[in-house]
Each structure stands twice: as C-alpha cells, then as structure tokens.
Protein chains: 2
Amino acid sequence: MTSKRTPRRREIAVVTDLLGANDEIAAQNAELLRRHGVFTVNMMSSPGAGKTTLLEQTLKHFRGRAGTAVIEGDICGTYDVDRLKGLGAQLVQINTSRFGGECHLEANMIRNAVAKLDLGKVKLLFIENVGNLVCPAEFNLGEAAKVAVLSVTEGDDKPAKYPLMFRICDLLVLSKTDLIPHTNFSAKKFHAHVKRINPRLGVVEASAVSGEGMSAWYEWLARRIPRGPRK
Amino acid sequence: MTSKRTPRRREIAVVTDLLGANDEIAAQNAELLRRHGVFTVNMMSSPGAGKTTLLEQTLKHFRGRAGTAVIEGDICGTYDVDRLKGLGAQLVQINTSRFGGECHLEANMIRNAVAKLDLGKVKLLFIENVGNLVCPAEFNLGEAAKVAVLSVTEGDDKPAKYPLMFRICDLLVLSKTDLIPHTNFSAKKFHAHVKRINPRLGVVEASAVSGEGMSAWYEWLARRIPRGPRK
C-alpha cells in the first residue's frame, strides 16, 4: 500500500507540513523574544494540575522585581486570565475554539498574541498551554524553556505513561505536594520513573497553596532572566 | 484563499475523511457488541482522574454477577492492565504508540481489540481511553455510553473549560470525593457549570478509595446490562 492516495499517507504528509510550518514560526517567535530580552516559559500539564494557581503566586512574587506577561491558552472562556488580573502582568487570552477547538497551542497563535504585548516591559513571559498532557508536547511555540507541571493527585506513574511530555521538558514542577499525605503517591516510584524517562530532568516539588518549595521555582526562573536594562 | 491546495483546506478534508471512516467502523463495532448482548462503556478523563481505580473496584463488584472485559488504551506500557489482572475480567491492551502515539482511541483500534475477546462471556465491556479531556471526545468507538470521569482535585471549573467532553457524555462520575475537604472544590460552582453546559447530565459523586457513592455507579451500570442468557 504505497499509493499516495491512501488516507494514512495523506495524513502523514499533511501533519509533516504543519509541524514544519509550525517550527518555522516558532523560530521567528524565539528570535523576536530573545532580541527583546524576554525569557519565555511554555507551561504544560493535564487539566487541573495547578498551572494557574502556580502562576498566581509567581506573578505576585515577581511583581516589582521583573516585568511579567501571560499568554493564556484555553479552548474557550477567560476563566484563567480572570484569575490573573490585578497581579501586574500583561495578559493575553487565546481561545483555540477560534482555531477549531485545538487541544494545544501552536506557534502562529503565539505570534498573534505576542504582537499584543509591550515587550519592552517584559522580562518573564509565561505561556499557559491548554490542559493536556499529550498533544502540547509536540508543538514548539518559540519558548526558551518547556516546563511540565504534574500534580501529586494524578499519580506517581504518569511520567512512565506519558513519556513524551517528560522527555521534552526542561523542568518538571511536581505540584500540590500539600496533598501527598491524603493520597497513595509514592515519591520513590515517581523519581524512579522520571529517572528512567529523562535522567537529567530537574524536578521542583512545590505547593502553591502552602508555599512549600516555591522558592526553588522562583530561583529557577530568576536565574534565567536575561541581563539587560531593568524592566 | 479557496484553492484546494492550501494546507488548511487539505487538513480539513483529511480530518473529515478520517472522522467519517471512524464513524463507519464505530457503527460496525456497536452492531457487533449489541448483537452479543454486551453493554459497552467508553471511559474518558484527564490523566490521573482515577479511571483505573474506579475500574478495579467495579470489576470486583461485578465478579460473579456479570461477565466483564476491559480494553485498556494507553500510549505505551501495560501499567493499567497489570493493575486489573486477577479480577475476573478479560483484558486487552491497546498501545497507541503502534499508531503513531495517538492521544485518543479510534474505532479501528477497538475493532481489533474486540476481535480478541470471547464476547459470549461478556455482559459489560469497559474501554479505558487515553488520559485526555479533549481529543477522545471527538471519536466514537461503538460504545453504548460515554462516561466522563472528573476528579475533584482538577477543580470545579473543568466542565466550563472543556465543554465538549461534558456535552457528549451520558454520565459524569465525579471521582476522589474523599479529597474534597483538602481542596477548594466548590460543589455549588461545579453543579452550576454542569447545568449550564449539559442540563440533563446525570452526575454520580463517588470515591473508589472510601467506597462512598460507588453503589450509584454500580446501579447505573447494572440497569443497562442487556437481558438475555446469563453470562
């Protein structure tokens, strides 16, 4: 079955085209952001892993220390961006329902969103991806770092079950650690899975609710803010 | 831009072809399962919402009462199916990594898996979909019912943020209710969101760990088992 007209062949050709086009735009985004001295983080996780709560605390922490911005990716609505108002960050909402209800962000969406930001005032840009532990891992956006967030309530086996996300990320934030005593989450099993999937992956264990471990996350970010004019 | 050669047009054409082909196979699966007197449930949720733990308890409950089978959908590995061994159910593992690492199950995968079951001994067939609150909602598998599982730790806003899943499901199991006291989950907000998205949707609130609420889930299933020869 090597005919170019079989559905599988056509599907693969189109997907390759789209990923190639996406990578090209991502590279342009990366160059624009780098030139403006912005450190950009693509934050990815399952729905409800705590990305927005983590961001709430993070924006509070960096207020007055560094200019922040958030590009919020959701299928629909403004629930998350509404939670981040009043914390000193520039905010842009992307609704993927405008793009057919996509289950992930793509580089062209980020290009449009970045155009709405005053980059001269931004040091740290957070992109909160659509809640999905699978598909967002396949799309570069032009970020300087990919951060996966996994909540302890999702279980210690998730790095083994969804390996791509944990292979491609630069940092893993293990969130909701305040809930460990109420679950059967095994730190030992979790770290063994991570070590097997991505031996060099750094892990920050934190609870945005109790504050425990958050300073390591803030330090990880602060070390990566490009030097340059204060903004 | 109406040329048929633009990437977007090609993408849409291919996606429509694939969904149409999927629906055709799903209808064949449904007919086969119906003819054998099998009630088939497609269970969908975010990663770590508790589908497998719910199934563990469900298989224990129906053991000796009705023949059960589980088709396990995972990107890779056999972690979940290993947990379900020894509970009296026929088990088939699907690894979507064989299909390019798909983020959801499709009807052709179910057709292949069903062919491995002894349907003469099955009354209840559970399909555990890949952990993903977005993409699986778009693919019919030939199930008699779609069940969404949402854990309280994911937050009360998820029906509003991922509406398709909650629109197309026939039942919503709110899981991990034993953890409510340790979270800011608001039952009032949750039910308001559900009512707005899908006013007729039935909700079972349950904890597979404490056992609370599980009888309503078992009764929902038992009422739907087709009458016919005991098996």
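Every chain is numbered from 1, with letters handed out A, B, ... down the list of sequences.
- Remark: B/Cys76 SG to A/Leu164 CG distance equals 10.0 Å, nearest 0.5 Å.
- Neither the backbone nor the side chain of A/Asn184 comes within contact range of chain B, judged by heavy atoms closer than 4.5 Å.
- Of all residues in residues 134-141 of chain B, those placing a non-hydrogen atom less than 4.5 angstrom from a non-hydrogen atom of chain A are B/Val134, B/Cys135.
- Annotation: the span from B/Thr153 atom OG1 to A/Lys176 atom NZ amounts to 5.0 Å, rounded to 0.5 Å.
- A heavy-atom distance below 4.5 Å is found between the side chains of A/His193 and B/Tyr79.
- Around the CZ atom of B/Arg98, the shell of radius 6.0 Å holds no more than 12 heavy atoms that belong to other residues, nucleotides or ligands.
- Residues satisfying the side-chain hydrogen bond (donor to acceptor under 3.5 Å, both in side chains) criterion with A/Thr68, sequence neighbours excluded, are absent altogether.
- With a threshold of 4.5 angstrom between heavy atoms, B/Lys161 approaches chain A through its backbone and through its side chain.
- Side-chain contact between B/Leu133 and A/Asn132 is absent, with no heavy-atom pair separated by less than 4.5 Å.
- The number of heavy-atom neighbours closer than 6.0 Å to CD of B/Glu24, taken from other residues, nucleotides and ligands shown, is 12 or below.
- Formation of a donor-acceptor pair under 3.5 Å by the B/Tyr162 side chain with backbone atoms of A/Ile75 is not found in this model.
- Using a 4.5 Å cut-off between heavy atoms, B/Ala160 touches chain A through backbone and side chain atoms alike.
- Contact tally against chain A (heavy-atom pairs below 4.5 Å) for B/Lys158, B/Glu154, B/His182: the top residue is B/His182.
- Of the listed residues (A/Cys103, A/Pro163, A/Gly155), the one with the most heavy-atom contacts under 4.5 Å to chain B is A/Cys103.
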